[in-house]
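Report on one structure; see the data block that follows.
To find a chain, count down the sequence lines: A is the first, B the second, and so on, and within it residues start at 1.
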Number of protein chains: 2
Amino acid sequence: MGDTRTRLLEGALQTLRTQGIAGASARAVAAAAGVNQALVFYHFGTVDDLLTAALRYGSEQRVTVYRERFAAVTSLRELLDLGRSLHAEEREAGNLAVLAQMLAGSQMDGRLAPATAAGLGMWVAEVEEVLQRVLTGTPLAEFVDVAGLARATAAAFVGLELYEGVDEDGAKRAFDSLEQLAGLVAALDDMGPLVRRTVRARLRKANSTER
Amino acid sequence: MGDTRTRLLEGALQTLRTQGIAGASARAVAAAAGVNQALVFYHFGTVDDLLTAALRYGSEQRVTVYRERFAAVTSLRELLDLGRSLHAEEREAGNLAVLAQMLAGSQMDGRLAPATAAGLGMWVAEVEEVLQRVLTGTPLAEFVDVAGLARATAAAFVGLELYEGVDEDGAKRAFDSLEQLAGLVAALDDMGPLVRRTVRARLRKANSTER
DNA sequence: GTCTATAGTCGGATAGAC
DNA sequence: GTCTATCCGACTATAGAC
């Protein structure tokens, strides 16, 4: 079951998952960890410090689980498939929920913000690396900032996770539509050089006209 | 300044904005509203009931502000522009922040969920109506569930709002990349019939091959 | 409708025994 | 390192005066 420190970290993650940031008190975490309440302060000083340490701990664990699978992706379609499993599995494991709760808490409590940014950043780094690898040379990479897209993807995952908590059917439809959209974009990349040139020309014209 | 009931509703919104769901206590709201703490319970019964009423109240107000501007949109590019202003203005007014906090709270407290779903639903309804109007007859509408896309858009906005709270630069990049992506999709819709047919054929093939 | 006062619970954090 | 005991502030909610 691990030493006290680890049990507290895991208790914090579980508490964030089941009680949210509003219910993540030292007493609640200690109860979930099965340890004495005073040990929270002995090991971590403050509740905030425990929560931020727990987020780092949990994110590192979960990202590690996926690192190999991210590395194995060779196309946008495969990334799409991985995204689908990741959503399903993380919904169970709950790291996304933890991230969402910490994000909500970080808006007002600046002490949580750096660790939360780091936790989300681990996912962003993985997605960005894959996108760079998979999209280089495609029209998508030509006209869209790939690093920004990775950040948007991670943020959207969090938003959809929260949405799923209040409207499961709506969230399902949202996910499906995004897959269709990504499929459409993937199809663009598959197109022959003629169509591709046309798309490029159109985009250049639109981009120079707009804004 | 309005009657006590209204002041409490606005105090609740302000408290959610500045203190988050974790700090939205009867005392904090009453202080923000400038009224006695006991009046929360006299007028709304419980804190949860006050928060849900406030979300409905605030969302209705903010959506109303944008209704005409949504109605005036005639193209995907115009919708993009509106989305940009909406993000900037709502960041000030704070309805998105309120929504995000209520979503975070709704994950664990089921009593908040229906009102939160309704508050988000108001935005979804507006976006969906515009998308249906603007996209009908385009390749996008042909291959992507527009209602789902409206839900994904609203959820992504919430996620990006939360992300912006911990990494402003990253969020800016994310927004920019989404605009580029939407511009790319818009360019698709502008293309001539030849290219359009090609895209359709590619998509059909890809869709029947995949999954 | 609005106020004061208060019951009862839970919270962060610390002191000090073991 | 771990425990008990405790301080003290903040919380929800209610009772009752005005």
Sugar-phosphate only, base, or nothing, as touched by B/V47 at under 4.0 Å among non-hydrogen atoms: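 It contacts sugar-phosphate atoms only.
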
For [X] and [N], give me the distance from atom [atom1] to atom [atom2], rounded to whole Å.
X	N	atom1	atom2	result
B/R7	C/dG1	CZ	C1'	14 Å
B/L51	D/dC11	CG	P	13 Å
A/L50	C/dG12	CG	P	10 Å
A/L39	C/dG12	CG	P	14 Å
B/F41	D/dT14	CZ	P	8 Å
B/L8	C/dG1	CG	C1'	12 Å
B/F44	C/dG1	CZ	P	11 Å

Cationic N near anionic O, under 4.0 Å, A/R111 to A/D109: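 Salt bridge: yes.
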
Electrostatic pair B/E89-B/R69, nearest N-O below 4.0 angstrom: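 So B/E89 pairs with B/R69 through a salt bridge.
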
Side-chain donor-acceptor pair present, B/E161, B/H87, cut-off under 3.5 Å: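 Side-chain D/A pair, B/E161 to B/H87: absent.
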
Interatomic spacing from CD1 in A/I21 to CD1 in B/I21 - rounded to 0.5 Å: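 Here the rounded value is 12.0 Å.
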
Counting side-chain heavy atoms from CB outward, which of [options] is closest to [X]?
X	options	value
B/A38	C/dC3, C/dT14, C/dT2	C/dC3
B/N36	D/dT2, C/dT4, C/dA13	C/dT4
A/S25	C/dG12, D/dG1, D/dC3	C/dG12

Which residue lies more 5' along DNA chain C, comparing A/Q37 with B/V35 via nearest heavy atoms: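 This one resolves to B/V35.
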
Nearest-nucleotide comparison on DNA chain D, the residue closer to the 5′ end among A/H43 and A/R27: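 This one resolves to A/H43.
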
Under 4.0 angstrom between B/T4 side-chain N/O and C/dT2 OP1 or OP2: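 Checking B/T4 against C/dT2: at least one side-chain N or O falls below 4.0 Å of OP1 or OP2.
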
Donor-acceptor under 3.5 Å (B/R151 side chain, A/L160 main chain):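 Flag not set: sc B/R151 to bb A/L160 has no pair under 3.5 Å.
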
